[in-house]
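This report concerns only the one structure given below.
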Amino acid sequence: MALEMKVPSPGESITEVEIAQWLVETGDYVEKDQAIAEVDSDKATLELPAEASGIITLMAEEGDAVEVGQVVCLIDTDAAKPAGGDSKPAAVAETPKVEEKKPTASVTPAKTETYATGTASPAAKKVLAEKGMDASQVKGTGRDGRITKADAVDAKPSLGTPGLGGRGESRKKLSMLRRKVAERLVSVKNETAMLTTFNEVDMQPIFDLRSQHKENFKSKHGVSLGFMSFFTLACVRALQQYPAVNSMVDGDYMVSYDFQDISIAVSGPKGLMVPVIRNAENLSFRGVESEVKRLAIRAREGQITVDEMTGGTFTITNGGVFGSMLSTPIINPPQSAILGMHNIVERPIVRDGQIVIAPIMYVALSYDHRIIDGKESVGFLVAVKEALENPEELLMDNNVMKALEM
């Protein structure tokens, strides 16, 4: 019996996907639940598992856009599994290709260029080679148009003339996910009044806490005490103080939330993924670090689901892991604000009237000025700065051991 495999719905509002890559070929024997293809939606790349065991026949090509519910392959469930574990049955086994002998074209030996028959003298060629120029770029003034040494010395390369290096190019279709990301980013720039405000954070207090407790924290909880838990909890606190930053525009309305779902930008194999930490306001340092680790692993292994990336009321992105000093992050729609973290560099600052060297991070908040005024945006970023520079009091309630559950 031939089973028709249809494209399942990856999530709400998704009506079309793209066949990114077939993991099997027509005639292969597949096992039930074996991954047979990777499909791109406008939100994520997902694996398509076989619904039954049997011989597969592909009915769509890589790069094809297919609608949810469309048949993309057939599986012959009556076919027996090939002996010896070979995925290809004997009946459809590939036969060795025999290369046809092509007639050998006669090759005319290239003429050796000399001063007498060529276009440039040996001295002129040497000068042109030093300039990275080709003889075809120079007009000779010698006998029969030959290029003399004087011609080569006087020759100047044209700014519009290609040099002697490689000039290849490649052309690759953007994935559906990348196309959708590009579309959304352009729409954000066109449809929001996006501004960015900046500040700097003295990271020394967090450095001291991590240096003192990170080993015990990891041995007890199995996760590292990183920077993300401090920033996430600092943002939760600031969002509670400035609810406009935790809001969205819906037509003529502003929708505000009494919970904080924090989206965390993670680099995955298919590009940037933004999984969501749900109800971050209820999580401890251990809870945030565990959730960040879980979501990061799922994103990098391509197992992240659409539901895990849907929603979110505020986003944190860390360009510092790639060496970024400062940036203006783009809002993750339909959210209204995003915090950008950057690299930590030792810089001179004034502390208690003295110039000292401290680990400083520049932070940036991009926000939608339609619903977030300068007072709220600047106040929010200052609140984040205050919490990060005084974490024991503002994030740990002056009880470090309890906050870290040591």
Apply side-chain contact (heavy atoms from CB on, under 4.5 Å) to residues Met203 and Phe227 and explain how you reach the verdict. CA-CA 10 Å; Met203 298 291 290; Phe227 297 114; 3.6 Å; yes
Does the pair Ile147 and Lys125 meet the rule for a side-chain contact (heavy atoms from CB on, under 4.5 Å), with working shown? CA-CA 9 Å; Ile147 300 171; Lys125 288 181 181 179; over 6 Å; no
Could you walk me through whether Ile330 and Ile338 satisfy the side-chain contact (heavy atoms from CB on, under 4.5 Å) test, starting with their C-alpha distance in whole Å, then the side-chain angles of each, then the deciding distance to 0.1 Å, before giving a yes or no? CA-CA 7 Å; Ile330 297 180; Ile338 179 173; over 6 Å; no
Give the intermediate values and the outcome of side-chain contact (heavy atoms from CB on, under 4.5 Å) for residues Val274 and Met309. CA-CA 6 Å; Val274 194; Met309 295 192 294; 5.5 Å; no
Using the rule given for salt bridge (charged side-chain N to carboxylate O under 4.0 Å, His left out), can you reason through Asp373 versus Lys375, listing the C-alpha separation, both sets of side-chain angles and the distance that settles it, and then say yes or no? CA-CA 5 Å; Asp373 293 331; Lys375 178 182 178 180; over 6 Å; no
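Annotation: Lys385, atom NZ; neighbour count of heavy atoms from other residues, nucleotides and ligands within 6.0 Å is above 12. In this structure, Glu62 places its CD atom where more than 12 heavy-atom neighbours from other residues, nucleotides or ligands lie under 6.0 Å away. The number of heavy-atom neighbours closer than 6.0 Å to CD of Gln354, taken from other residues, nucleotides and ligands shown, is 12 or below.
Atoms CG and CG, from Leu395 and Leu209 in turn, are 9.5 Å apart once rounded to the nearest 0.5 Å. Summarising the geometry, atom CD1 belonging to Ile19 is positioned 12.0 Å from atom CE belonging to Met59; distances are rounded to the nearest 0.5 Å. Distance CZ/Phe259 to CG/Asn282: 11.5 Å, rounded to 0.5 Å. A distance of 4.0 Å separates CE of Met341 from CZ of Phe231, quoted to the nearest 0.5 Å. For the atom pair CG (Asp352) and CD1 (Ile355), the distance works out to 13.0 Å, reported to the nearest 0.5 Å. Atoms CG and CZ, from Leu239 and Arg237 in turn, are 11.5 Å apart once rounded to the nearest 0.5 Å.
If you look at Tyr367 and Tyr242, their ring centroids are not closer than 6.0 Å. Outside the 6.0 Å centre-distance limit, the rings of His213 and Phe217 are not counted as a close aromatic pair.
Of the residues Val249, Val245, Val255, the one that meets the side-chain contact (heavy atoms from CB on, under 4.5 Å) test with Ile371 is Val249.
Using modelled atom types and a 3.5 Å distance limit, the side chains of Asp151 and Thr148 yield a donor-acceptor pair. Judged by distance alone, the side chains of Asn279 and Glu281 do bring a donor and an acceptor atom under 3.5 Å apart. At a cut-off of 3.5 Å, with distance as the only test, a side-chain donor of Thr196 or Ser366 sits close to an acceptor on the other residue.
Counting all heavy atoms, side chain and backbone alike, Asn398 lies closest to Glu393 at OD1-CA, 3.5 Å. Across every non-hydrogen atom of Leu23 and Ala35, the tightest pair is CD1-O, 3.7 Å. Taking every heavy atom of both residues into account, Val66 and Ala60 meet most closely at CG1-CB, 4.4 Å. Across all non-hydrogen atoms, the minimal contact from Ile206 to Pro391 is CG1-CG, 4.2 Å.
For the pair Ile316 and Cys235, the minimum side-chain heavy-atom distance is below 4.5 Å. Contact of the Arg351 side chain with the Gln204 side chain is registered, since non-hydrogen atoms from C-beta on lie closer than 4.5 Å. At least one side-chain heavy atom of Asp202 sits under 4.5 Å from a side-chain heavy atom of Pro359.
Ion pairing between a basic and an acidic side chain is recognised when a charged N comes within 4.0 Å of a carboxylate O; Arg286 and Glu289 show no such pairing. The pair Lys220-Glu405 does not count as a salt bridge, with every side-chain nitrogen at least 4.0 angstrom from each carboxylate oxygen. For Arg370 and Glu191, the salt-bridge test fails: no basic side-chain N is under 4.0 Å from an acidic carboxylate O.
Judged by the 6.0 Å and 45° rule, Arg210 forms no cation-pi pair with Phe230.
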